[in-house]
Amino acid sequence: MVLYYTSNLVDPPVTIYMGKDKYENDDLIKYGFPEDIWFFHVDKLSSAHVYVRLEPGQTWLDIPEAVVHDCAQLVKANSIEGNKRNGITVIYTPWDNLKKTPGMETGQVTFHNNKKVKRVFVDKRINEVVNRLNKTKVERFPDLQLERIQREKIDRKAARQEEFAYNEKVRLLADEKRKAEEEINALFDRSQMKSNWRDEEVEDVNAAEEDFM
């Protein structure tokens, strides 16, 4: 089961979701989308893993500040220890920065690049924020693997369309270049040129000038 929330503070609204337990967290890690943000886990404490799904093409740098704070509050509220404390730190990173190595416990992750990990300080729980998000909560049982397969099909189709558009642009440019070269060559076609050269010597210059005129 996956829990879905909606942050309505931005337009369009942003989907936030988290797994029921550490086993679902593993699946969420495995079948994430490129624009997903592994958002949010209380630093150095046990807590839920909260994710944000941005629009295709967006990156973790595009996530609105209001959504960052919504997620941070949701993480704190779903941490047994973190919910009791004030002044905690929540961390987040892009999905593709998550690193799973052999021997790690279920639901446990590390990072490829620590420089791509951001931290958010949460002073205290804000019930108004948590209650607003809980009102949007929906429980679903998605086939995460199937969703990932379908997404990959869409990405491959988009890549093929982009490649076709690029090749068509190259073809049109080549045609334009070829036509321009043909026009230039036609200007210098010797078979179309006329010479003013006389095979016979001209004795009467004035007559020649009259012929020229």
Exercise for the section: First locate atom CZ of R160, then atom CG of N167, and finally report the distance between them rounded to the nearest 0.5 Å. Expected result: 13.5 Å
Exercise for the section: Report yes if some heavy atom in the side chain of L61 is under 4.5 Å from a heavy atom in the side chain of K118; otherwise report no. Expected result: yes
Exercise for the section: Verify the neighbour count for atom CZ of F164: are there more than 12 heavy atoms of other residues, nucleotides or ligands below 6.0 Å? Expected result: no
Exercise for the section: Indicate yes or no: at least one non-hydrogen side-chain atom of L3 is less than 4.5 angstrom from one of E139. Expected result: yes
Handout entry: Separation of T89 OG1 from R119 CZ (nearest 0.5 Å)
Key = 8.0 Å
Handout entry: Close side-chain approach of V2 and Y4, heavy atoms under 4.5 Å
Key = yes
Exercise for the section: Measure the spacing between CG of D36 and CH2 of W60 and express it to the nearest 0.5 Å. Expected result: 14.5 Å
Exercise for the section: Quick one: closest heavy-atom pair of L28 and G19, and the distance? Expected result: CD1-N, 3.4 Å
Practice task
Would you check if V129 and H69 make a side-chain contact, meaning some heavy-atom pair closer than 4.5 Å?
Solution key: no
Practice task
Evaluate the side chain to side chain contact (heavy atoms under 4.5 Å, CB included) criterion for residues N78 and M18: first the C-alpha distance (whole Å), next the side-chain angles of each, then the deciding distance (0.1 Å), finally the verdict.
Solution key: CA-CA 10 Å; N78 286 275; M18 64 182 180; 3.3 Å; yes
Handout entry: Within-4.5 Å side-chain heavy-atom neighbours: I149 and Q145
Key = yes
Exercise for the section: Give a yes or no on whether a salt bridge exists between R171 and D175, defined as a side-chain N under 4.0 angstrom from a carboxylate O. Expected result: yes
Problem - K99 and its side chain to side chain contact (heavy atoms under 4.5 Å, CB included) partner, picked from T110, N113, T93 - result: T110
Problem - Side-chain touch E147/Y31, heavy atoms, less than 4.5 angstrom - result: no
Handout entry: E168, CD atom: more than 12 neighbouring heavy atoms under 6.0 Å
Key = yes
Problem - Same apolar cluster: V117 and W95, side chain cutoff 4.5 Å - result: yes
Handout entry: Distance (rounded to the nearest 0.5 Å) between L54 CG and I37 CD1
Key = 5.0 Å
Handout entry: Check: L9 and R132 side chains under 4.5 Å, non-hydrogen atoms
Key = yes
Exercise for the section: Classify the angle between the aromatic ring planes of Y17 and Y51 as parallel (below 30°), tilted (30 to 60°) or perpendicular (above 60°). Expected result: parallel
Practice task
Step through the shown structure and confirm whether more than 12 heavy atoms of other residues, nucleotides or ligands are within 6.0 Å of CD on E105.
Solution key: no
Handout entry: V10 to A66 - nearest heavy-atom pair and separation
Key = CG1-CB, 4.5 Å
Handout entry: R178/E182 ion pair, N-O < 4.0 Å
Key = yes
Handout entry: Atom NZ of K116 with >12 non-hydrogen neighbours under 6.0 angstrom
Key = yes
Handout entry: From CD1 (I16) to OG1 (T136), nearest 0.5 Å
Key = 7.5 Å
Exercise for the section: Consider only side-chain heavy atoms of I, L, V, M, F, W and Y, link residues closer than 4.5 Å, and tell whether V67 and V138 are in one cluster. Expected result: no
Problem - Nearest heavy-atom neighbours spanning A77 and N83 - result: CA-OD1, 3.7 Å
Exercise for the section: Find out if a path of hydrophobic residues (ILVMFWY) with successive side-chain heavy-atom gaps under 4.5 Å connects F33 to V14. Expected result: no
Problem - Atom of K124, atom of K76 and distance for their closest heavy-atom approach - result: C-CE, 3.6 Å
Exercise for the section: May I have the step-by-step check of side chain to side chain contact (heavy atoms under 4.5 Å, CB included) for K179 and E176, ending in yes or no? Expected result: CA-CA 5 Å; K179 290 178 182 178; E176 290 177 3; 5.9 Å; no
Completion exercise
Of all heavy-atom pairs linking A72 and V90, the shortest is O-CG2, 4.1 Å
Exercise for the section: Evaluate whether atom NZ of K100 has more than 12 neighbouring non-hydrogen atoms of other residues, nucleotides or ligands under 6.0 angstrom away. Expected result: yes
Exercise for the section: Report whether V130 and V50 are members of the same hydrophobic cluster (ILVMFWY, side-chain heavy atoms less than 4.5 Å apart, transitive linking). Expected result: no
Handout entry: Euclidean distance, L133 CG relative to K135 NZ, rounded to 0.5 Å
Key = 11.0 Å
